[in-house]
Amino acid sequence: MTKGMDAATAIIISAIAMTAIVAVRYLITSGFFAAWTARRFPGRLAGQGKQVRMELFYSFLSAAIYGIPAGVIAWGWDQHGWTKIYTDWDAMPLWWLPASLFLYLFLHDTWFYWTHRAMHWPPLFRKVHAVHHASKPPTAWAAMSFHPWEAMTGAVVIPALVFLVPIHVATLGLVLFIMTLMGVTNHMGWELFPRALVHGRLGRHLITASHHELHHQKYRCNYGLYFRFWDRLCATDKGLGQFGVPRQPRRARARGADGSGEPVAARR
């Protein structure tokens with residue numbers, strides 16, 4: 001009984017710790033890119049205080065939904081060897097490191113494409129996915145702003161994969177880093193990656209903010225997360241979007257950004 005109670009306590013502590021890690025990772029990453037956006041485009045977040053508070057609220061709920069199963073699995077991996085996560089570099093051939101990275105990203109992207117597309121079925125959209133699209137325009141804080149039911153569909157992917165596909169712990173960390181980076185940068189309202197990449201040969205296969213921006217404008221297209229494979233295969237790829245004109249600080253609006261006295265157009 002005591003041993004069972006100890007295990008239960010350890011699981012709870014692990015779940016709380018992982019939730020805190022997810023929440024802090026979100027605050028640091030989204031906060032960094034939100035601050036970068038504000039510095040590069042002064043006034044970008046003007047008038048969006050209420051929206052950002054909503055994004056924070058749902059993102060912290062999502063942090064718990066992502067963190068709790070991750071904490072349970074982390075405990076099981078540490079105590080009982082659950083999962084196919086390995087730490088010995090020689091446990092698998094070295095070529096498996098990049099292969100497993102790509103496989104995880106592709107499988108995650110596949111799950112995301114089809115569940116995301118399903119979320120745009122009108123009944124599901126109104127009840128669930130509308131929370132995410134309530135960010136108009138989305139900000140860096142919107143990366144995890146999901147209705148709890150939608151967060152659950154995202155929270156099961158990586159935990160399921162670690163039971164099925166071997167992966168080195170460092171590669172898993174890289175998967176989580178890419179997942180976080182793409183989730184945040186795709187929502188911040190400007191393109192982080194160089195034009196040569198976005199509009200070049202590689203950009204025709206990868207999703208960046210320019211691609212995801214069009215999804216938030218037209219809704220029924222560009223559903224992918226990392227790759228444009230499923231969008232192209234299913235004819236839902238509608239190309240790249242155009243970013244709206246950034247909001248300007250009140251003084252700039254009053255005198256016009258070019259000093260002409262003409263008002264600056266606000267972003268949609």
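Start at 1 with the first residue, then count along the sequence.
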Using distance alone, with no hydrogens and no angle criterion, decide if His215 and Asn186 have a side-chain donor and acceptor under 3.5 Å apart.
-> no
Here the gap from Thr87 atom OG1 to Trp77 atom CH2, rounded to the nearest 0.5 Å, amounts to 6.5 Å
Give me the one residue out of Arg126, His133, His132 that meets side chain to side chain donor-acceptor pair (under 3.5 Å) with His129.
-> His133
Between Tyr104 and Leu161, what is the shortest heavy-atom contact and its length?
-> OH-O, 3.1 Å
Quick one: are Glu191 and Thr208 in side-chain contact, heavy atoms under 4.5 Å?
-> yes
Would you say the side chain of Phe125 lies within less than 4.5 Å of the side chain of Tyr219, judging by non-hydrogen atoms?
-> yes
Of all residues at least two apart in sequence or in a different chain, which pass the ring pair (Phe, Tyr, Trp, His ring centres under 6.0 Å) check with Trp89?
-> His168
With under 30° as parallel and over 60° as perpendicular, where do the rings of His187 and His216 fit, or are they tilted in between?
-> perpendicular
Ignoring hydrogens and angles, state whether a donor on the side chain of Glu55 or Thr139 is under 3.5 Å from an acceptor on the partner side chain.
-> yes
Report yes if some heavy atom in the side chain of His108 is under 4.5 Å from a heavy atom in the side chain of Tyr226; otherwise report no.
-> yes
Are any non-hydrogen side-chain atoms of Val72 and Ser14 less than 4.5 angstrom apart?
-> no
Would Leu181 and Thr29 satisfy side chain to side chain contact (heavy atoms under 4.5 Å, CB included), going step by step from the backbone distance to the final call?
-> CA-CA 8 Å; Leu181 179 69; Thr29 310; 5.8 Å; no
Does any non-hydrogen side-chain atom of Ile65 lie less than 4.5 Å from one of Pro148?
-> yes
Hey, could you give me the CZ/CZ distance between Arg40 and Phe33, rounded to the nearest 0.5 Å?
-> 12.0 Å
Search all heavy atoms of Ser59 against all heavy atoms of Ser145 and return the closest pair with its distance.
-> OG-N, 3.3 Å
In terms of the angle between their ring planes, are Trp141 and Tyr26 parallel, tilted or perpendicular, with boundaries placed at 30° and 60°?
-> perpendicular
Working to the nearest 0.5 Å, report the span between CZ of Phe112 and OH of Tyr223.
-> 11.5 Å
